[in-house]
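So that the names make sense, note that chain A is the first sequence line, chain B the second, and so on, each numbered from 1.
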Amino acid sequence: MDVRVRYAPSPTGLQHIGGIRTALFNYFFARANGGKFILRVEDTDRERYSDESLEDLYSTLEWLGIKWDEGPVVGGPYGPYIQSERFDIYREYAQRLVDEGKAYYCFCTPERLEELRKEQAASKSEYQGYDRHCAHLSDSEIKELLRQGIKPVIRFRVPTEGKTTFHDILMGDITRRNRDISPDPVILKSDGFPTYHLANVIDDHLMKITHIMRAQEWIPSGPLHVLLYEAFGWEVPQYCHLPMVMGKDGQKLSKRHGSTAVRDFRAKGYLPEAIINYVTLVGWSLDGETEFFSKEDLEKCFTMEGIHKAPAVFDYKKLDWFNGQYIRQADNARLSSLIAPYLEEAGYVSKPLTDSDKALVEKIVPPVKERMKVLSDVVPLTAFLFEDNAVTDKAIYIAKGSDETKTGEALRKGSCILLSGLKGGEKEEVIEEKLSSLAAELGIKVNGVFQPIRVAITNSTVSLPLFDSIRLLGMDETEKRLARAVKLFEEN
RNA sequence: GUCUCCCUCGUCUAGUGGUUAGGACAUCGGGUUUUCAUCCCGACAACGCGGGUUCGAUCCCCGCGGGAGAUGCCA
C-alpha cells in the first residue's frame with residue numbers, strides 16, 4: 001500500500017511553528033517512504049477565514065521548500081483540495097447519515113446551548129455537553145420547524161453504551177467509553193458547512209489517506225472519528241499523534257511566548273534550513289547524536305519510530321544557535337543577497353542596490369558572517385558605516401589598565417603609525433606589530449592602543465575587527481574620525 | 001467536574017534488567033583573539049515520589065504526584 005499523508009491546516013491565522021512541524025513530519029514521512037504528500041485546505045470556518053492566512057500558507061511552504069504532490073494549485077486525482085469547494089460532498093454524506101438514522105437534525109439555538117453549558121459548568125455536573133434535546137423529534141415536528149424557517153444543524157448520534165478503541169502507532173491502543181465521547185457533536189453547521197470531524201473523515205477517506213499524523217490535541221476525538229468511519233462503513237486509517245510544541249511555561253506554544261509565526265522568523269533573518277532542522281528536532285530524533293540534518297537528509301532518514309511521545313518545549317536559543325551555524329556555512333554570495341534587504345530597510349543603502357552598494361555589501365559579509373545569529377543583526381553590526389555617532393565620553397576610549405594621558409598618546413601616535421602604514425601599503429601584521437610595540441613603549445597592554453583606535457573608528461567598544469572596519473569605512477573617513485578623537489584628547 | 005495522554009540534566013534528547021546514565025543548547029570557567037563574535041578545551045547538571053517483581057531496577061507492574069490536551073454550529 002502506498003503511503004499517502006496530508007497536511008490539512010485551517011487558514012485562520014499565520015502558519016506557526018507547531019503547524020509547520022506537523023507539515024514537516026508528514027512531508028518527510030511521505031518522502032522517506034516513497035509516498036505522496038497532500039495539502040488540503042480546511043476552510044470550513046468562514047468566521048475566522050482570511051485570504052491573508054491562505055497566502056501565508058502557500059508562501060511559507062514555498063519558502064521552506066516543501067512541495068505538495070497533490071493539493072491546491074497543483075491539483076490531483078482527488079480534488080478539489082479546498083474544502084469550501086467540496087461543499088456538496090459533505091452535505092450529501094451528512095444527509096446519508098440522517099437517512100440511515102445515524103445522525104439527526106437539531107434546531108437548538110446557540111443561546112440555548114450556551115445556557116446549557118453555563119449551567120453544567122456551574123453545577124460541576126459529571127455530564128457535560130449537549131443534552132440530546134433534538135435526538136428524537138418526529139418527522140412532523142421536524143417538518144414544522146423547517147417550515148418556520150429555522151436552519152438546523154446535523155448532529156451525529158454517538159452511542160451511549162459500549163466503548164470505542166483506536167490504535168495509535170506511537171501511543172498504542174486508546175480506548176474511550178462512548179458515553180465519555182462528546183455527546184452528539186455537530187457535523188454539519190446551520191450554514192451548510194461541515195465541521196472538522198465530518199469534513200476531515202470524509203476527505204481522508206476519499207483522498208485515500210493512509211496515515212494521519214496530527215497533533216496530540218486530537219487524541220480525544222480519535223474514537224469519535226472511528227465511529228464516523230464505521231457509520232460510513234469505511235476503513236479506519238493509521239493514526240500517529242504528534243507531541244505538542246510548548247512554550248517555556250509548559251503551555252501550548254503561543255504568541256505570548258514570542259514569535260510563533262514562521263513569517264516573523266523569516267523577517268528577522270532566520271534561514272529556512274535552520275528552521276527545518278531545528279523544528280524537526282522538536283519531538284523527533286534519529287539517534288540522539290546527529291543534529292545537523294538538511295531537508296534532503298530528512299527526506300531519506302525520517303522515521304516514525306523517532307517521534308517522541310512527550311510534549312516538547314520550543315527553545316528559541318537553540319534555534320538561534322542553529323541559525324548561526326547555518327549562516328556561517330552559507331556561501332558569501334548568497335549571504336550578500338540575504339543581507340541586502342536589511343540594509344535597504346535601514347536606509348543604509350539605496351533600494352535598488354547601486355553598483356557601489358553591491359560592492360560594499362559583498363565586503364560586509366565576511367567580517368559580519370561570524371557574528372550574526374539572525375540576518376537582521378547585520379544592521380547594528382554595520383551601523384558605524386552609515387551613521388556617525390561619535391563617542392565624546394573619554395572614559396569609553398580608555399582601556400583597562402590605561403589612563404587618559406596614555407590613551408591620548410596612544411591615539412596620537414597610533415593614528416600616525418596606522419595611517420602611514422596603510423598608505424605605505426604595509427601589511428596588517430606589520431602595522432599590528434608596530435602598534436603592539438607602541439603599547440609596550442607606553443607601558444600598557446596591547447588593547448590600551450587598539451581600544452581607543454577602534455572606538456574612534458567604529459564609535460563603539462564592541463565592533464568588527466579593526467582592519468575590516470577600516471576597509472569598509474574607507475581611508476578618508478577613517479582619517480577624519482581618528483583626527484577627531486585625537487583632538488578630543490587634546491582638549492582641556 | 002469528567003475523560004484521555006504524558007513524565008531522563010534548566011531545555012531538546014540517547015539509552016539499558018547490571019553503564020562513570022551519552023550528546024546538543026543554555027549557564028559557568030579557561031584558551032585563541034585588538035573588542036565582540038567565531039573556534040577549541042573543561043565544569044555544572046537528570047532517571048518525579050512511594051510501593052512491589054527481581055540477586056539487581058532509570059528500564060517491568062501498581063499507586064501517588066505533577067504536567068498537558070479535550071470537553072464548541074474552532075480547528
Side-chain angles (χ1 to χ4, degrees), chain A residues 8-10 12-13 42-45 47-48 106 108-110 113-114 117 120-121 123-130 151-155 168 170-171 174-177 179-183 185-191 193-197 199-200 214-223 241 243-244 246 248 250-252 278 281-291 306 308-322 324 328 367-373 377 381 399 432 435-436 439 445-451 453-455 458 460-467:
Chain A
S10 161
T12 54
E42 306 213 333
D43 58 345
T44 55
D45 181 350
E47 302 262 311
R48 297 194 302 151
C106 166
C108 292
T109 61
L113 298 173
E114 178 63 23
R117 251 192 302 278
Q120 287 171 343
S123 68
K124 295 203 168 169
S125 136
E126 188 173 324
Y127 188 90
Q128 304 266 323
Y130 184 56
K151 292 251 185 278
V153 300
I154 293 178
R155 289 183 181 272
D168 183 278
L170 257 32
M171 238 68 80
I174 295 175
T175 302
R176 268 185 102 167
R177 288 175 308 201
R179 49 166 290 200
D180 291 327
I181 295 174
S182 172
V186 172
I187 54 175
L188 201 78
K189 309 177 205 177
S190 54
D191 64 2
F193 275 88
T195 59
Y196 172 85
H197 304 298
N200 195 262
R214 44 132 73 148
Q216 279 174 3
E217 59 188 328
W218 292 107
I219 288 180
S221 314
H241 286 90
M244 310 258 291
M246 317 302 252
K248 200 96 206 149
Q251 309 278 114
K252 203 166 150 182
Y278 177 60
L281 251 18
V282 175
W284 178 85
S285 75
L286 181 68
D287 54 14
E289 299 281 314
T290 318
E291 49 188 350
H308 204 72
K309 284 201 235 181
V313 175
F314 187 79
D315 187 350
Y316 288 84
K317 291 241 177 86
K318 191 148 187 179
L319 205 217
D320 281 349
W321 177 77
F322 268 111
R328 257 151 256 137
V368 129
K369 192 175 183 179
E370 307 293 309
R371 275 158 256 264
M372 290 189 294
K373 276 214 271 281
D377 285 341
L381 249 18
E432 224 169 282
L435 290 173
S436 298
K445 287 189 179 156
V446 181
N447 196 33
V449 171
F450 280 94
Q451 178 166 325
I453 293 176
R454 246 186 314 101
V455 171
T458 68
S460 171
T461 50
V462 175
S463 71
L464 300 183
L466 181 59
F467 291 105

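Residue A:Lys309 places at least one side-chain N or O closer than 4.0 Å to OP1 or OP2 of B:rC6. Applying the 4.0 Å criterion to OP1 and OP2 of B:rA75, one finds that A:Lys189 has a side-chain N or O inside that range. Remark: A:Ser190 is not in phosphate contact with B:rC73, judged by side-chain N or O atoms under 4.0 Å from OP1 or OP2.
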Just by protein heavy atoms under 4.0 Å, how would nucleotides 29-44 of chain B read 5' to 3' in B, S and -? -----BBBBSS-----
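A:Cys106 comes within contact range of no nucleotide atom at all, as no heavy-atom separation falls under 4.0 Å. Within the nucleic acid shown, A:Thr44 comes within 4.0 Å of sugar-phosphate atoms alone, with no base atom in reach, counting heavy atoms only. The residue A:Val313 sits close only to the backbone: its heavy atoms come under 4.0 Å of sugar-phosphate atoms, none of a base. The residue A:Pro311 sits close only to the backbone: its heavy atoms come under 4.0 Å of sugar-phosphate atoms, none of a base. A:His308 comes within contact range of the sugar-phosphate backbone alone, with a heavy-atom separation under 4.0 Å but no base atom that close. Counting any heavy atom pair closer than 4.0 Å across all strands shown, A:Lys373 reaches no nucleic acid atom. If you check every strand for non-hydrogen atoms under 4.0 Å, A:Gly324 touches nothing.
Counting heavy atoms from C-beta outward, A:Met246 and A:Gln251 have side chains that stay 4.5 Å or more apart. Inter-residue side-chain proximity for A:Gln216 and A:Leu170 is flagged as unmet; no heavy-atom pair is nearer than 4.5 Å. The shortest distance between side-chain heavy atoms of A:Leu464 and A:Arg371 falls below 4.5 Å.
Rounded to an integer number of Å, the gap from OH of A:Tyr316 to P of B:rU11 is 16 Å. At whole-Å resolution of the value, CE in A:Met244 and C1' in B:rA68 are 7 Å apart.
For B:rG42, the paired nucleotide is B:rC28, the pair qualifying as Watson-Crick or G-U wobble because both relevant distances are below 3.5 Å. In this structure B:rU2 sits in a base pair with B:rA70, meeting the Watson-Crick or G-U test at under 3.5 Å. Nucleotide B:rC36: unpaired (no Watson-Crick or G-U wobble partner with both distances less than 3.5 Å). Across all strands shown, B:rG48 pairs with B:rC64; the Watson-Crick or G-U wobble distances both stay below 3.5 Å. Judged by Watson-Crick or G-U wobble contacts below 3.5 Å, the nucleotide B:rU58 has no partner.
The side chain of A:Asp180 has B:rU2 as its nearest neighbour among B:rA75, B:rU2, B:rU71.
Ring geometry for A:His197 versus A:Trp218: interplanar angle over 60°, hence perpendicular rather than tilted (30 to 60°).
Open room surrounds NZ on A:Lys373; 12 or fewer heavy atoms of other groups in view lie less than 6.0 Å from it.
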